[in-house]
Structures are given as structure tokens and as C-alpha cells.
Protein chains: 2
Amino acid sequence: MLDGEERTLVDRVVREVFALLLSSEIPLGGQLNEAALAARFKVSRGPIREAIKQLQGRGLVIKEPYLKARVVSLSLPDMIEIFQLREAVEGMSVRLATSAMSDTELDEMLDAFSAARQAGKAVDLDLHVRIAEGCGNDRIRALLCDELYYLLRLYRARSADQPGRRQDAFTEHWQILRAMRARDGELAESLMRAHIGRATRSLETLLAQQAATTDKG
Amino acid sequence: MLDGEERTLVDRVVREVFALLLSSEIPLGGQLNEAALAARFKVSRGPIREAIKQLQGRGLVIKEPYLKARVVSLSLPDMIEIFQLREAVEGMSVRLATSAMSDTELDEMLDAFSAARQAGKAVDLDLHVRIAEGCGNDRIRALLCDELYYLLRLYRARSADQPGRRQDAFTEHWQILRAMRARDGELAESLMRAHIGRATRSLETLLAQQAATTDKG
DNA sequence: ATTCGAAAAAGTGTTGACACTTTGACGGCA
DNA sequence: TGCCGTCAAAGTGTCAACACTTTTTCGAAT
């Protein structure tokens, strides 16, 4: 995510297009016009095309031959699919991390978590990222950090988060960290799955409400 | 995978390059030279580059700026990572499929499985594909069918499969199908995880042996 | 007024040439 | 002989022009 890492135009374009999505300048479900993006970023269409392919690989963009690329819609059903996948993968991620991370790393994570809790800062995604980075399985890390968390950030940028969940989430995260520190991978996995499962059910409730409202209106 | 679906050169190149990998014409860990591939397939470098980006997205190719793209090595540690991910994702896949698939679909799958068993045909990957396609979660389906199973096919094309596992695998698959038919998603998930977990441990044993041999030699 | 079809406009797919980076070979120097 | 800087060769990154597909526009026939 650091600018210094960008050795090529494609990388820059990927970051800038993602910023456009985050800022809602290109809406969810909106279209990506290669020529327009090329003009905007002062590059030719080649890098734009490769950047779109890359975003397509990350699941942020959907595209068919000769048709304009569309930004993923991130509808409630989409998010439920993503959360079901997260439940499975993050469960494994935390199980592996429980074995793979050193005492020092775990303590650092606990400290950072406590500090953030004091400061009242949201720490959710940071924590999940750290666990994924510590799980020792690079495919799982890439899937979570390079794909799913991008989608999550995009979703959160659009939808106000539930108010009541914040305190619960702190407790649930704390329990997960405790299980990791106790080197109980089984427990850590089931706590993580429950944690994400609760969020999934919250989305499903929202979907049911939305469906009911739409039916009436 | 059908030729008729290929409306663009990039799609054709992706298929042909993957065939080169399957046939060992390009070895695992080997390099992909854009110009050479362009000459071979009689296209310019543009489509080649996009195809490589796509293969990169599927995890078959690793690339850094200005360095040649390398085919993934699929070493034993790589495969273990892939199997750990599969264990988590396919567990969820079969759990969801157990709810989502109709009686008719399940029966068809059982019939096809029995027929293959009679004919003594290997059915492993087919079955996993069907389950993924029936799970109703398109992100999970894409992850399994468009990414992980490609890697698996590539791996199997190189390494002779274990002789004793075949009969065991039939039994394990049969149990999974029975659990699905009984609409017991929990059971189906844990059976699938055990099924893949066994394969993972078999890889880990192989790795340990390999390490021991290397140390001596 | 409506519908159908042809032609123009817009947009994506592909190409070959040029620019930049990396790599390896060559020669000078200690 | 061994090390370092320089330069040529190979390869990737980028660009602008051209080809093909899709969409829209517009007019004619019913």
C-alpha cells in the first residue's frame, strides 16, 4: 500500500482507481471507461487495461469481452457470500496463526489491541490483517489481505456500521486473542467463526428487512 | 473450458499457456518469455501480457516488475498451503451445498458417482467441482473452480498419485454424499475437512521424508 | 405513430514501435 | 588473479494507431 512500492504505472493506476471507488466517484455497479480513465491519469490505455484485469482478479470488477467493465455491486447477497467465505478462511487463518506466531508477536498484538481499545479506535480489520500475516500460509494471507479485505473496505466506506456491535466486537476479539495466547487453535478457530458468523447473520437480517420493505413499497 | 466460449485472443492464450504447463513443455518454476510466447501463438505481446496477468490472478504465475514471470513451483510446502486453504473452503462449500442443492441434483450426483465407481474411473475432482457449483456461493465456486482446482490439476499432472489412497477416497466421498443426502451440513463439513486433512497429512509426511533424504544426500 | 434496419458513433481488442530496467559480458585497475 | 565500473544485449513497460464489436441514432416503410 506504500507509494514507494509502485515501480510501474499499472500499480499506480490500481491504487488510484481503487481510491475512486472508495470515494464514490465511481459508484458501485458503475462502469469503467478505459479511455476516460486513461485521459484522467495521463497514461495510455495499456496500463489501464492491465489495472482493470488486476482489479478483476481481486473481485472488485466484473467484465465480459467487448462490454464495459462494471464495478462489483456489493449488494447484501454479495456481502453474505463474502462473509461465508471469510468465516471459513479466517477460521483456518487464526488456527494456523495460533501455532505459527511467536510469543513476542502475540504479545505485541495484545498490546496494540489494548492500546487501541483505550483510545477507542476501531481495530477490527487491523487485527484480522495481523492474524492473516502471521498464519504462515501465503495463499491464505493473499486471499484475505489482497482480495477480501479490499472488498470489505469498499463496503464499509458505503454503509454505516452497526452502532451496537462495537462493544461486542471488542469482547469477541479479546476472546480470540486469549485463545491464541493459550495456544488453543481449535478454540480460536471456533471463536473466529462465531465472530464472523454473527456478522453474517446480521447481514441476513438486514436482507430480510430490505426484502420486506421492498415488497410493501 | 469450451473453445466456443473464447471470444478473445487473451482467452485462447490463457488456455494454450495452461496446456503448455500441463504438458511440462514449460516446467514448474520455469520462466515465461513474452516475446517467445507471442511468436509461438502468432499474436502480439499485448494479449500475452494480459493472459499472464490473468494466470497471475489464478495463482499459477508469480511476477515482479521488470522480472520475467515465473511459473509457480508447486513445491510440497506450496501444496500444503493450498490444501490447508482447500480444507477450510471446501468444508464451507459442502456445508452450503447440503442446503442449497435440490434432491434431484443430489441424486444425479450420487448416480454419477456410483457409475464412475463401477467403471473404476477417478472421480475425485469432478465431485468437488459439482459440489462447488451447487453451493450457491459464487465467490466460493470461483475460488475453487477457477483457482485452486487449476493448481491441483497441474500438480497431479506431475506427481503420480498415491496407490493406496484410491479405495479410501471412494469411501470418504461416499460418506460425504450420504451426509449431504441426509441434509446434515455439519457432518458433511467435518467429513470433507477430514477427507482433505488426510491428504494434507500425507503431503506433510512426504515432505518430512524428502527433508530426511535431502539431509543424508 | 411505430417498428425495423442501416449507418454512424462509442468502446473494447490487438498490434508494432519505442522507452526504461535488468542482466551478463567485457575490459581496466588494484 | 580478483574486483569494480561500463556497456551491450535481452526483456519488460508504455504508447499511439488500427481493427473489430457493440450500442445508439436516424430515417424509411408500414
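Just so it is clear: chains get the letters A, B, ... in the order the sequence lines come, proteins before strands, and each one is counted from 1. Just the heavy atoms: all of them, side chains too, but no hydrogens, waters or symmetry mates, feed the values below.
In this structure, CD of B:Glu64 is placed 16 Å from P of C:dT21, rounded to the nearest angstrom. Rounded to whole angstrom, the span from the NZ atom of B:Lys42 across to the P atom of C:dT15 amounts to 12 Å. We find that CD1 of A:Ile48 is positioned 9 Å from P of D:dC15, with the value rounded to whole Å. The nearest whole Å value for the distance from the CD atom in A:Glu6 to the P atom in D:dT14 is 11 Å. Straight-line distance from the CG atom of B:Leu67 to the C1' atom of D:dA10: 13 Å, rounded to whole Å. The separation between B:Gln56 atom CD and D:dT12 atom C1' is 13 Å, rounded to whole Å. Atom CD of B:Gln54 and atom C1' of C:dG13 are 14 Å apart (whole Å). One interatomic measurement links the two molecules: OH of A:Tyr66 to P of C:dT12, which rounds to 12 Å at whole-angstrom precision.
Shortest non-hydrogen contact noted between B:Glu172 and B:Arg198 is OE2-NE, 2.7 Å.
Using modelled atom types, one finds a donor on one side chain and an acceptor on the other under 3.5 Å when comparing B:Ser24 with B:Arg158.
For B:Glu34, taking side-chain heavy atoms from C-beta onward, the closest of the listed nucleotides D:dC15, C:dG13, D:dG13 is D:dG13. Ranking C:dT12, D:dC15, C:dT14 by closeness to the A:Asn33 side chain, first place goes to C:dT12. Checking D:dT21, C:dT14, C:dT12 against the side-chain heavy atoms of B:Arg7 singles out D:dT21 as nearest.
Counting atom types as modelled, B:Arg45 pairs a side-chain N or O with a base atom of D:dG13 as donor and acceptor under 3.5 Å.
Between B:Arg49 and C:dT15, a side-chain N or O to OP1/OP2 separation shorter than 4.0 Å is absent. Phosphate contact (OP1/OP2 of D:dG13, side-chain N/O of B:Lys63, threshold under 4.0 Å): present. At the phosphate of D:dT12, neither OP1 nor OP2 sits under 4.0 Å from any side-chain N or O atom of A:Thr8.
Taking the six-membered ring where the residue is Trp, A:His195 and A:His128 present parallel rings, their angle staying beneath 30° rather than reaching 60°.
A:Arg181 CZ: more than 12 foreign heavy atoms inside a 6.0 Å radius.
Backbone-only engagement by B:Leu32 is indicated by non-hydrogen atom pairs under 4.0 Å involving sugar-phosphate atoms exclusively. Using a 4.0 Å heavy-atom distance criterion, A:Gly46 is classed as making no nucleic acid contact.
Nearest-nucleotide positions on DNA chain D place B:Lys68 closer to the 5' end than the other of B:Lys68 and A:Pro47.
Taking the centre and axis of the six-membered ring of B:Phe18, the NZ or CZ atom of B:Arg15 falls outside the cone set by 45° and 6.0 Å.
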